[in-house]
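A short write-up of the structure that comes next.
One-based numbering, in listed order, for ligands and for the atoms of each. These numbers were taken from a predicted model, which means no experiment stands behind them.
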Amino acid sequence: MPPSPDYAVDLADHYDDWFTPPTATTDATVSLLDRLAATAPEGPMLELGIGTGRIALPLAALGHDLHGIDAAKAMVEQLRAKTGGTEIAISIGDFSDVDHDGRFGMIYVVNGTFFELTSQEAQIHCLARAAARLLPGGIFVLDAHLPEVLAAEAGADAQPVRAASGDPVTRIRRIHPATQRYTSDYKVVHNGEVRHIRVAFRYASAGELDLMAAMAGLRLRQRFGGWSGRPFTDSSNYHVSVYELPS
Ligand SMILES: C[S@@+](CC[C@H](N)C(=O)[O-])C[C@H]1O[C@@H](n2cnc3c(N)ncnc32)[C@H](O)[C@@H]1O
């Protein structure tokens with residue numbers, strides 16, 4: 001392929017505006033991944049869809065040996081221009097192939113990026129390839145929306161989205177249950193200029209994710225209700241799932 005989403009090509013130079021200064025979610029994501037790494041076998045970490053290094057660079061600054069994969073050179077160029085950005089080994093390609101040298105203590109994919117693999121086949125393939133790249137006892141971490149929450153938003157008007165930059169951003173989500181897909185259309189006003197971004201996803205229930213992971217030989221070790229590390233409960237609308245390759 002490799003699929004480089006349009007937004008990652010056209011808007012790479014503005015991606016960080018949404019998260020600068022670092023949002024509470026960014027800090028919480030880094031913190032929980034750092035804590036999870038302490039429970040994983042010693043070894044490097046691999047981020048799938050590493051983007052501009054929003055999460056990888058702070059983790060590297062904490063002393064982790066970070067590696068990454070991304071299809072969008074424009075996003076990786078942003079990462080390279082930042083402090084520490086030249087020290088991360090990055091493969092350009094489709095992250096579902098997990099084509100990167102080495103074996104890892106932890107592989108992770110965040111910010112809803114796993115669902116950017118828009119077919120069940122690609123998601124199964126990604127989990128299988130990740131399992132093959134984990135050290136025994138290694139962990140695979142992903143975050144995702146719950147389908148019930150996405151469905152509840154179906155048909156809603158444009159929702160305001162909080163961007164750290166203060167730029168006015170609205171989002172419309174459209175859900176397509178027949179194909180288990182959804183799209184998020186963002187309208188961003190930046191310096192008086194209006195930009196439109198569409199991101200396409202394939203959603204899966206937590207149970208389907210567990211099943212696809214099991215097919216790859218991974219078992220669910222822990223599920224949180226968000227990056228704060230809160231418990232996953234009936235009122236959670238998001239989850240962070242930790243899968244383990246049995247030793
Ligand atoms: C929403 S951004 C997240 C970036 C970073 N992980 C973060 O949390 O800030 C998703 C990233 O995944 C990349 N991406 C999406 N689908 C991909 C694929 N199939 N293969 C490789 N990269 C992909 C995009 O280019 C983009 O950089």
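- The proximity of I50 to ligand 1, defined as any non-hydrogen pair under 4.0 Å, is limited to the backbone.
- Judged by distance alone, with hydrogens and angles left aside, the side-chain atoms of D143 form a donor-acceptor pair with the main-chain N or O of G112 at under 3.5 Å.
- Heavy-atom contacts of G51 reach the following atoms of ligand 1: 4 (C), 27 (O) (cutoff under 4.0 Å).
- At least one N or O atom of F95 sits closer than 3.5 Å to an N or O atom of ligand 1.
- Residues D34 and H64 have side chains that bring a donor and an acceptor to within less than 3.5 angstrom of each other.
- Considering both main-chain and side-chain atoms, L48 never comes within under 3.5 Å of ligand 1 through any nitrogen or oxygen pair.
- Polar contact check, Y15 against ligand 1: a nitrogen or oxygen pair lies under 3.5 Å apart.
- For the pair D210 and R219, the salt-bridge criterion is not met [side-chain N within less than 4.0 Å of a carboxylate O].
- Heavy atoms from both the backbone and the side chain of D70 come within less than 4.0 Å of ligand 1.
- Below 4.0 Å from some heavy atom of L117 lie the following atoms of ligand 1, by number and element: 19 (N).
- Close contacts of ligand 1 with N111, meaning ligand atoms under 4.0 Å from a residue heavy atom, involve 1 (C), 8 (O).
- A distance of 11.5 Å separates CG of L218 from CE of M212, quoted to the nearest 0.5 Å.
- With R202 contributing its side chain and F115 its backbone, the two residues share no donor-acceptor pair below 3.5 Å.
- Here the CG-CD distance, from L150 to Q180, works out to 11.0 Å after rounding to the nearest 0.5 Å.
- Scanning E47, R54, Q78 for the heavy atom closest to atom 8 (O) of ligand 1 points to R54.
- Using a cutoff of 4.0 Å between basic side-chain nitrogens and carboxylate oxygens, D185 and R198 are scored as salt-bridged.
- Between E208 and Q120, some side-chain heavy-atom pair lies under the 4.5 Å cut-off.
- If you number the atoms of ligand 1 from 1 as listed, the ones under 4.0 Å from a heavy atom of T113 come out as 1 (C), 3 (C), 10 (C), 12 (O).
- Heavy-atom separations between G93 and ligand 1 include at least one value shorter than 4.0 Å.
- Ligand 1 has an N or O atom lying under 3.5 Å from an N or O atom of A71, backbone or side chain.
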